[in-house]
Amino acid sequence: MKPTRQVALLRGVNVGGRSTIAMADLRRLVTGLGYEGVRTLLQSGNVVLTASKAPATVAREIEKAIAKELGADPKVLVRTRDELAAVIEGNPMPAAVSNGARFFVTFLSGEPPKGALSELDPVDFAPDEFRGGGREIYLHCPDGVHDSRLARALSEKRLGVIATTRNWNTVTKLLATADEE
């Protein structure tokens, strides 16, 4: 496989004081795995890197190394730079980007089972709204995500897959970081 820019998204890192990982340690660890151009963004477990391996392989290697060297057990989802660009281009709620801190993308490890999202009646969650497709769910929470019933309803248990969420500002910064090298 030709070297590609990839983005590793660690689930549940440095959130609420649990699974604390210093970003300097994470950069050192990922660089030590042989990846190049390693950069972290924010303190929430976002790593941009260049790899000649498939995203699923990169995710497994990072998960194993974190468990072994840092004693944490986060799940890692990886998207290529082009996949991340497609997520941004495919945004089904373009008006929501006006407040990127309250517009989110939930990245999934795979497509949820049929019916997992259709069971949710949008009326029950207004003013929050979502659109799903493939391995991402777009979520707009105009009053914030912290107390959002919809955000809680879109749980891994309901979806049947691993999920990690980033706000729109972070998603676009990750693409910009991937494009820097």
Side-chain angles (χ1 to χ4, degrees), residues 6-21 26 40-48 55-56 58-60 62-63 66 72-175 177-178:
Q6 299 184 27
V7 178
L9 307 165
L10 282 67
R11 179 179 138 280
V13 170
N14 298 348
V15 177
R18 58 182 205 269
S19 296
T20 303
I21 296 176
L26 184 58
T40 54
L41 180 69
L42 305 174
Q43 294 297 315
S44 55
N46 304 296
V47 184
V48 178
V58 173
R60 282 191 306 274
I62 293 173
E63 283 176 356
I66 289 172
D73 189 27
K75 296 300 178 194
V76 179
L77 303 181
V78 177
R79 298 292 193 270
T80 66
R81 179 258 172 232
D82 291 348
E83 288 172 330
L84 190 62
V87 166
I88 292 169
E89 285 179 29
N91 171 15
M93 295 188 278
V97 303
S98 64
N99 187 347
R102 294 186 179 212
F103 182 50
F104 304 87
V105 178
T106 298
F107 295 90
L108 309 173
S109 60
E111 291 191 34
K114 291 199 182 294
L117 296 176
S118 62
E119 296 172 357
L120 299 174
D121 185 350
V123 173
D124 293 340
F125 301 101
D128 294 351
E129 59 184 328
F130 75 95
R131 305 283 186 286
R135 297 184 304 151
E136 287 81 29
I137 298 172
Y138 299 83
L139 175 64
H140 183 222
C141 300
D143 297 329
V145 73
H146 183 68
D147 294 321
S148 170
R149 288 183 9 259
L150 179 58
R152 285 191 302 278
L154 293 171
S155 68
E156 287 183 347
K157 183 177 179 180
R158 171 185 297 280
L159 299 173
V161 293
I162 297 166
T164 189
T165 301
R166 301 295 186 273
N167 74 34
W168 192 253
N169 296 336
T170 299
V171 172
T172 58
K173 285 178 188 171
L174 284 167
L175 181 60
T177 301

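Among pairs with a residue in residues 83-93, those fulfilling salt bridge (charged side-chain N to carboxylate O under 4.0 Å, His left out) read Glu83-Arg135, at least two apart in sequence or across chains. Screening residues 137-156 for salt bridge (charged side-chain N to carboxylate O under 4.0 Å, His left out) gives Arg11-Glu156 as the qualifying pairs, with residues at least two apart or on separate chains. Residue pairs meeting the ring pair (Phe, Tyr, Trp, His ring centres under 6.0 Å) criterion with at least one partner in residues 97-119, sequence neighbours excluded, are Phe103-Trp168. Residue pairs meeting the salt bridge (charged side-chain N to carboxylate O under 4.0 Å, His left out) criterion with at least one member in residues 113-125, sequence neighbours excluded: Glu119-Arg158. Within the structure, ring pair (Phe, Tyr, Trp, His ring centres under 6.0 Å) contacts touching residues 124-161 (residues at least two apart or in different chains) do not occur.
Atom CG of Leu175 sits about 5.0 Å away from atom CG of Leu84, to the nearest 0.5 Å. To the nearest 0.5 Å, the span separating OG1 on Thr40 from CG on Asn46 amounts to 8.5 Å. Annotation: the span from Asn99 atom CG to Cys141 atom SG amounts to 10.5 Å, rounded to 0.5 Å. Distance CD1/Ile137 to CG/Leu108: 4.5 Å, rounded to 0.5 Å. We find the CD-CG distance between Glu111 and Leu117 to be 10.5 Å, quoted to the nearest 0.5 Å. For the atom pair Thr106 OG1 and Leu9 CG, the distance stands at 11.0 Å (nearest 0.5 Å).
Nearest heavy atom pair, residue Val58 against residue Gln6, reads CG2-OE1, 3.5 Å. Considering every non-hydrogen atom in both Val145 and Ala151, the closest pair reads CG2-CB, 3.6 Å. Among all heavy-atom pairs drawn from Leu139 and Met93, the shortest one is N-CE, 4.0 Å. A pairwise comparison of heavy atoms in Asn167 and Gly100 identifies CB-O, 3.4 Å as the closest pair. When all heavy atoms of Ser148 and Asp128 are compared, the pair lying nearest together is OG-OD2, 2.6 Å. The minimum heavy-atom distance linking Ala153 with Leu120 is given by the pair CB-CD2, 4.1 Å.
Residues Leu26 and Val47 meet the side-chain proximity criterion, which asks for heavy atoms closer than 4.5 Å. Contact of the Thr165 side chain with the Val105 side chain is not registered, since no non-hydrogen atoms from C-beta on lie closer than 4.5 Å.
Each of Leu77, Ile66, Thr164 was scored for a side-chain contact (heavy atoms from CB on, under 4.5 Å) with Leu10, with one residue passing: Ile66.
Here the side chain of Arg166 pairs no donor or acceptor atom with the backbone of Val171 at under 3.5 angstrom.
In this structure, Asn91 has no side-chain hydrogen bond (donor to acceptor under 3.5 Å, both in side chains) partners at least two apart in sequence or on a different chain.
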